[in-house]
Asks: 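Please find one structure pasted underneath; my questions will follow.
Each ligand, and each atom within it, is numbered from 1 in the order the structure gives.
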Amino acid sequence: MLNSPIQTFLDELHLKFQPLKEGVLPNYIPELAKANPDWFGICVVTADGQIYQAGDCDQLFTIQSISKAFVYGMALEDRGRDYVLTRVGVEPTGDAFNSIQVDEVSKRPYNPMVNAGAIATTSLIKGIDPTERLNRMLDMFQRYVGRDLFVDMSVFTSERSTGHRNRAMAHLMLNFGMIEPNIDEALDLYFQQCSVMVNCQDLAVMAATLANCGINPISKARAVESRYVRNILTIMYTCGMYNFAGEWAYTVGLPAKSGVSGGIIAVAPHKMGIAVFSPLLDSHGSSVRGLKVCEEISEQFGLHLFDLRADIAREEGLGARG
Ligand code: GLU
């Protein structure tokens, strides 16, 4: 860990937001309600592999919906862009993550970040049987993270036995011919992908890998074909924060993805991956502390994609943001 303006700022943010106790633990997945509300980690990994962290960055938790962005990349690799687009749209919705809505005309789920679209996306992953599909998926996550990962069985079975709404969505999509008939296998794989255990540093490395056009900046392994990175980041930008995506784009201005276990990642292209972990959630299902931290990091380092002041200052030789 280096002593730098980034490190100092992360330490300050951690001190500032640790006392914030707003939000609630999710209880619709019983295992997630057991999280410690005080857990709080912040990690930044730069696109050239420097790691900065504050707080609980080694604490393991399930990746939940953050997995959706990466599995979307894998589906694009497995099936190609054109085919994936016939099964899952790219339109943001003003609806919550668990909305049971599909496009009335095309019958596609709206996008790969809401649960319906994510389940349809997962059903596109190739493999001769469930074991091969799961192993291929774990390999994919491992390339992003740079270490071995595993599925937490208690969260997986908790979600599998209570995920009636997700099951209903899968049946609806089967009714419209949008997914193949083996929906139990697709749902199991979806619940498994959500139950992969990561820590905050893993998530920051994953985000940094996207910031670095698909190459893990630490292991130097390619995690996803470079041509699909823009598709993943676009979907994260427009849909990653569900029905908060517009407000997030306005204030933070970075592609991002939140998960119901309290993780958030944000990607500053060519610059850094940011990850925050803190389990207390707001009404949109995003980490309360995570939102605040990302807002402040974006502002402090001028990361908003449409904040053109830094570029202008550089061009004019002013060396500062006006
Ligand atoms: N596994 C969760 C579900 O399907 C993911 C939701 C989330 O992380 O936003 O409900």
Asks: Tell me the protein heavy atom at minimum distance from atom 4 (O) of ligand 1, and give that distance in Å.
Replies: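 It is Tyr190 OH, 2.7 Å.
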Asks: Please identify which atoms of ligand 1 are closer than 4.0 Å to at least one heavy atom of Cys194.
Replies: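 It comes down to these atoms of ligand 1: 1 (N).
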Asks: Using distance alone, decide if ligand 1 has a nitrogen or oxygen within less than 3.5 Å of any nitrogen or oxygen in Asn115.
Replies: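 N/O-N/O distance under 3.5 Å: yes.
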Asks: Please determine if Phe97 has a nitrogen or oxygen closer than 3.5 Å to a nitrogen or oxygen of ligand 1.
Replies: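 No - when backbone and side-chain N and O of Phe97 are compared with those of ligand 1, no distance drops under 3.5 Å.
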Asks: To check your reading of the model: name the closest protein heavy atom to atom 10 (O) of ligand 1, its residue, and the distance in Å.
Replies: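 Here the nearest protein heavy atom works out to Tyr28 OH, 2.6 Å.
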Asks: Side chains of Arg289 and Ser287: any donor to acceptor distance under 3.5 Å?
Replies: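 Side-chain D/A pair, Ser287 to Arg289: absent.
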Asks: What atoms of ligand 1 come closer than 4.0 angstrom to any heavy atom of Tyr242?
Replies: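 Near Tyr242, the atoms of ligand 1 are 7 (C), 9 (O).
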Asks: Have a look at Arg133 and tell me which of Gln193, Glu185, Gln192 forms a side-chain hydrogen bond (donor to acceptor under 3.5 Å, both in side chains) with it.
Replies: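 Looking at Gln193, Glu185, Gln192, the match for Arg133 under the side-chain hydrogen bond (donor to acceptor under 3.5 Å, both in side chains) is Glu185.
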Asks: Answer with yes or no after comparing the ring centroid distance for Phe301 and Phe9 against a 6.0 Å cut-off, counting only values under it.
Replies: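 Yes, close enough.
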Asks: Among all protein heavy atoms, pick the one closest to atom 7 (C) of ligand 1 and tell me residue, atom and distance.
Replies: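 Going by distance alone, atom 7 (C) of ligand 1 is nearest to Ser65 OG, 2.5 Å.
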Asks: Counting heavy atoms only, which part of Ile66 comes closer than 4.0 Å to ligand 1: side chain, backbone, both or neither?
Replies: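 Neither; no heavy atom under 4.0 Å.
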Asks: Using heavy-atom distances, let me know which of Glu159, His284, Met169, Arg165 sits nearest atom 3 (C) of ligand 1.
Replies: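 Among Glu159, His284, Met169, Arg165, the closest heavy atom to atom 3 (C) of ligand 1 belongs to Glu159.
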Asks: State, with a plain yes or no, whether a side-chain heavy atom of Ile235 is found less than 4.5 Å away from one of Met113.
Replies: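 Touching, per the 4.5 Å side-chain cut-off.
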Asks: State whether Glu296 and Lys16 are salt-bridged, where the test is any N-O pair (Lys NZ or Arg NE/NH1/NH2 against Asp/Glu carboxylate O) under 4.0 Å.
Replies: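 Here Glu296 pairs with Lys16 in a salt bridge, since their nearest N and O are under 4.0 Å apart.
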Asks: Quick check for you: to the nearest 0.5 Å, what is the distance between Tyr190 atom OH and Ser65 atom OG?
Replies: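 Between atom OH of Tyr190 and atom OG of Ser65 there are 4.5 Å.
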Asks: I'd like to check which ligand 1 atoms, numbered from 1 as shown, lie under 4.0 Å from a non-hydrogen atom of Gln64.
Replies: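 With Gln64 as reference, the close atoms of ligand 1 come out as 1 (N), 2 (C), 5 (C), 8 (O).
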Asks: Would Thr62 and Gln64 count as having a side-chain donor-acceptor pair, cut-off 3.5 Å?
Replies: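 Checked: Thr62/Gln64 side chains pair up, N/O donor to acceptor below 3.5 Å.
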Asks: Going by atom types only, do Asn231 and Arg81 share a side-chain donor-acceptor pair under 3.5 Å?
Replies: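 A donor-acceptor contact under 3.5 Å links the two side chains.
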Asks: Report yes if Ser258 has an N/O atom closer than 3.5 Å to an N/O atom of ligand 1; otherwise report no.
Replies: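 The answer is no, given that Ser258 and ligand 1 share no N or O pair closer than 3.5 Å.
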Asks: I need the atoms of ligand 1 closer than 4.0 Å to a non-hydrogen atom of Gly259, numbered in the order shown.
Replies: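 It comes down to these atoms of ligand 1: 8 (O).
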